[in-house]
Amino acid sequence: MRLLTRTLRLALPLTVMIPFATYAADDGGWHCTNADFEISCSDGKCTQSDAHTPMSIDVTRDEISWCAYSGCWTGPAGATVLSGPFISFHGLALENNVDPSYIVDVAVIIDTRSKSASVMASELFTTPAICEPK
């Protein structure tokens, strides 16, 4: 029993640290865009948006920058989570570059294998995107 306990004490920190070490090697972050279409969600349903302007999203462990329509919103990544092939970046109260009082909460979840993402701006839209490591 002591050997099992000792082994677990040594192995557990390594299993937790390995994914973060892998991500830490890629400090360049990700660049995502939704060049093809946009999906807007409200009132319990999602539909393809008729008015579409491609977005540009840059994410790192430290910062999120999301540009769409006539402005950009930037701010610190409040949380970055790595789970298997998924990396998620969460930014709360990102400020608009033109009107700092216009703040947005954003989440970007990237599948690192398919290089696709789901981008969510709270109360505004949820849309897919294509990403590349920077």
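- For the pair Pro133 and Lys115, the minimum side-chain heavy-atom distance is below 4.5 Å.
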Given the rule in the side-chain contact (heavy atoms from CB on, under 4.5 Å) test, do Ile87 and Val59 qualify, once you have shown the distances and angles that lead to the verdict? CA-CA 10 Å; Ile87 300 174; Val59 290; over 6 Å; no
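- Residues Leu94 and Ile103 form no side-chain contact, since every pair of their non-hydrogen atoms from C-beta on lies 4.5 Å or further apart.
- In this structure, CD in Glu95 is found 13.5 Å from SG in Cys72, a value given to the nearest 0.5 Å.
- Closest approach of Gly29 to Thr60, counting heavy atoms only: CA-CG2, 4.1 Å.
- Atom CZ of Phe86 and atom OG of Ser118 lie 11.0 Å apart (nearest 0.5 Å).
- Counting heavy atoms from C-beta outward, Asp58 and Trp30 have side chains that stay 4.5 Å or more apart.
- Thr33 places a side-chain N or O within 3.5 Å of a backbone atom of Met55 that can act as its donor or acceptor partner.
- Heavy-atom minimum distance, Pro54 versus Ala35: CB-CA, 4.1 Å.
- Within the model, atoms CD of Glu63 and OG1 of Thr80 stand 11.5 Å from one another, a figure rounded to the nearest 0.5 Å.
- To the nearest 0.5 Å, the span separating SG on Cys131 from CD1 on Ile110 amounts to 4.0 Å.
- Side chain of Asp111 to main chain of Ser116: no donor-acceptor pair is present (N/O by atom type, distance under 3.5 Å, no hydrogens or angles).
- The SG atom of Cys32 sits 11.5 Å away from the CD1 atom of Ile109 when rounded to the nearest 0.5 Å.
- With a 4.5 Å cut-off on side-chain heavy atoms, Thr126 and Cys46 do not count as touching.
- Of all heavy-atom pairs spanning His31 and Ser56, the tightest one is CE1-OG, 3.0 Å.
- Closest of all the heavy-atom pairs between Val108 and Ala117 is CG1-CB, 4.4 Å.
- Hydrophobic cluster membership is shared by Phe89 and Leu82, with clusters built from Ile, Leu, Val, Met, Phe, Trp and Tyr side chains linked at under 4.5 angstrom.
- Ring-plane geometry between Trp66 and Phe125 is classed as tilted, the angle between the planes lying from 30 to 60 degrees on a 0 to 90 degree scale.
- The shortest heavy-atom contact between His90 and Ile64 is C-CD1, 3.6 Å.
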Do Ser122 and Val106 pass the side-chain contact (heavy atoms from CB on, under 4.5 Å) test, and can you show the C-alpha distance, the side-chain angles, and the key distance before you say yes or no? CA-CA 6 Å; Ser122 182; Val106 174; over 6 Å; no
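- Side chain of Trp73 to main chain of Pro100: no donor-acceptor pair is present (N/O by atom type, distance under 3.5 Å, no hydrogens or angles).
- Using a 4.5 Å heavy-atom threshold, the side chains of Asn34 and Val119 count as separate.
- Thr74 is not listed as a side-chain neighbour of Asn97, based on a closest heavy-atom distance of 4.5 Å or more.
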